[in-house]
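Worksheet for the structure shown next.
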2 protein chains.
Amino acid sequence: MKQVTAKWVDGLQFVATGSDGHAIVLDGEGRGFSPSEILLAALAGCTGIDVIGILRKQRQKVSSLEIIVKGEQLPDPPWTYQKVEVEYVVKGEDIKESAVARAIELSETKYCSVGATISDKAKIVSSFRIEEARP
Amino acid sequence: MKQVTAKWVDGLQFVATGSDGHAIVLDGEGRGFSPSEILLAALAGCTGIDVIGILRKQRQKVSSLEIIVKGEQLPDPPWTYQKVEVEYVVKGEDIKESAVARAIELSETKYCSVGATISDKAKIVSSFRIEEARP
């Protein structure tokens, strides 16, 4: 069981605190992360942790990993996410394309709790790019 | 279209940055919010913004609002959320129970993008408590 508490500050600003004391400012008017953007950050972090963990176990020499997540919401309330694009940019030395493809597939189909929770409503489409980084 | 970029720092740590420059540390080993907890924070902030906005429009004298979100995940990978309990604690002067119930209902059924996106997989159950706070 995971637990988060959000406490109203003023205006439309809240501070949300997780079970191990980490806190984040959320706001409906720009004075903090917007909750709908934080949903995309949750997906980015979730799959990023999976992918970097898998690539390092496979001894891929990753020097940089960036995940760009773009979300399309329905135009009317409640602005449900209908499509989320996830782009992975992996830099490193002799990174194997097959290893990256497999890591992303494992995250999508097997490990990422955030993706698994939202994917009924939001279609998740992934792509990746590998950039060589000579030492 | 909303966009977030997550950049790997080291270990299982990422920094995610939203479109207006807000950033958050996410981590798979405790050095930041866990992505699956941030999903609960997104829901807390989303519905909190709705509820405080509606209650203030209805001229309810709210002095404090706290939202406690508890999430139950499936025991096996991908640890999909199956149930989320949302408890609202409203403090203020002569707060109307019907106004709080209506504000929560509107958030759940009409306005909250995060709830609408996750609710196919995660059953969302709400409750509230009002505490009198004399001026």
Side-chain angles (χ1 to χ4, degrees), chain A residues 1-8 12 14 16 18-20 22 24-28 30 32-46 48-49 52-53 62 64-73 77-81 109-122, chain B residues 1-8 12 14 16 18-20 22 24-28 30 32-46 48-49 52-53 62 64-73 77-81 109-122:
Chain A
M1 180 81 93
K2 288 201 166 64
Q3 181 169 333
V4 166
T5 300
K7 202 168 159 38
W8 176 48
L12 299 181
F14 287 78
S19 53
D20 46 10
H22 297 292
I24 180 177
V25 179
L26 298 170
D27 196 281
F33 245 113
S34 88
S36 53
E37 276 200 2
I38 268 293
L39 183 70
L40 301 184
L43 178 62
C46 181
I49 288 167
I52 197 70
V62 178
S64 157
L65 171 62
E66 207 168 285
I67 297 129
I68 301 131
V69 178
K70 294 176 188 167
E72 267 181 45
Q73 293 168 276
W79 306 283
T80 310
Y81 277 105
T109 60
K110 197 163 177 190
Y111 294 121
C112 175
S113 63
V114 178
T117 302
I118 71 171
S119 60
D120 267 8
K121 283 282 170 67
Chain B
M1 179 81 92
K2 287 200 166 64
Q3 181 169 332
V4 166
T5 300
K7 202 166 159 39
W8 177 48
L12 298 181
F14 287 78
S19 54
D20 45 10
H22 298 292
I24 181 179
V25 179
L26 299 170
D27 196 282
F33 245 113
S34 89
S36 52
E37 276 200 3
I38 268 291
L39 184 69
L40 302 183
L43 179 62
C46 181
I49 288 167
I52 196 70
V62 178
S64 157
L65 172 62
E66 207 168 285
I67 297 128
I68 301 132
V69 178
K70 294 175 187 165
E72 268 182 46
Q73 293 168 275
W79 306 283
T80 310
Y81 277 105
T109 60
K110 200 165 174 189
Y111 293 122
C112 176
S113 63
V114 177
T117 302
I118 71 170
S119 61
D120 267 7
K121 283 283 170 67

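Every heavy atom of this structure was used, including side-chain atoms; hydrogens, water molecules and symmetry mates were not. All values derive from a computational prediction rather than experimental measurement. Letters A, B, ... are given to chains in the order of the sequence lines, protein chains preceding strands, and every chain is numbered from 1.
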Task: Proximity breakdown for B/Ser19 and chain A, heavy-atom pairs closer than 4.5 Å - done: both
TODO: Only counting residues at least two apart or in another chain, list the ones meeting side-chain hydrogen bond (donor to acceptor under 3.5 Å, both in side chains) with B/Lys121.
DONE: A/Asp120
Open item on the list: Quick check on the interface: out of A/Ser64, A/Pro77, A/Ser36, who has the most heavy-atom pairs with chain B under 4.5 Å?
Closed with: A/Ser36
TODO: Please flag which part of B/Gln73 lies under 4.5 Å from any non-hydrogen atom of chain A: side chain, backbone, both or neither.
DONE: side chain
TODO: Tell me, for B/Val62 versus chain A, whether the close heavy atoms (under 4.5 Å) come from the side chain, the backbone, both or neither.
DONE: both
Task: Residue among B/Asp27, B/Leu26, B/Thr5 with most heavy-atom pairs under 4.5 Å to chain A - done: B/Thr5
Task: Residue among A/Ile68, A/Val114, A/Val69 with most heavy-atom pairs under 4.5 Å to chain B - done: A/Val69
Open item on the list: Between A/Val4, A/Val25, A/Asp20, who has the most heavy-atom pairs with chain B when the cutoff is under 4.5 Å?
Closed with: A/Val4
- [ ] Heavy atoms only, distances under 4.5 angstrom: which of B/Ser34, B/Cys46, B/Ala42, B/Gly28 has the most pairs with chain A? Name it, please.
- [x] B/Ala42
- [ ] Would you mind telling me which of B/Lys7, B/Glu37, B/Glu72 has the largest number of heavy-atom pairs within less than 4.5 Å of chain A?
- [x] B/Glu37
Open item on the list: Below 4.5 Å, heavy-atom pairs only: which of B/Ile52, B/Leu43, B/Ile118 has the largest tally toward chain A?
Closed with: B/Ile52
Task: B/Tyr111 versus chain A, the contacting section by heavy-atom distance below 4.5 Å - done: both
TODO: For each of B/Ile24, B/Ile67, B/Leu39, B/Ile38, tally heavy-atom pairs with chain A at distances under 4.5 Å, and name the one with the top tally.
DONE: B/Ile67
- [ ] Count the heavy-atom pairs under 4.5 Å between each of A/Ala122, A/Gly45, A/Gly115 and chain B, then report the option with the highest count.
- [x] A/Gly45
Task: Between B/Gly71, B/Ala44, B/Ala16, the one whose heavy-atom pairs under 4.5 Å with chain A are most numerous - done: B/Gly71
Open item on the list: Looking only at heavy atoms and a cut-off of under 4.5 Å, which of A/Gly53, A/Cys112, A/Gly32 has the most pairs with chain B?
Closed with: A/Gly32
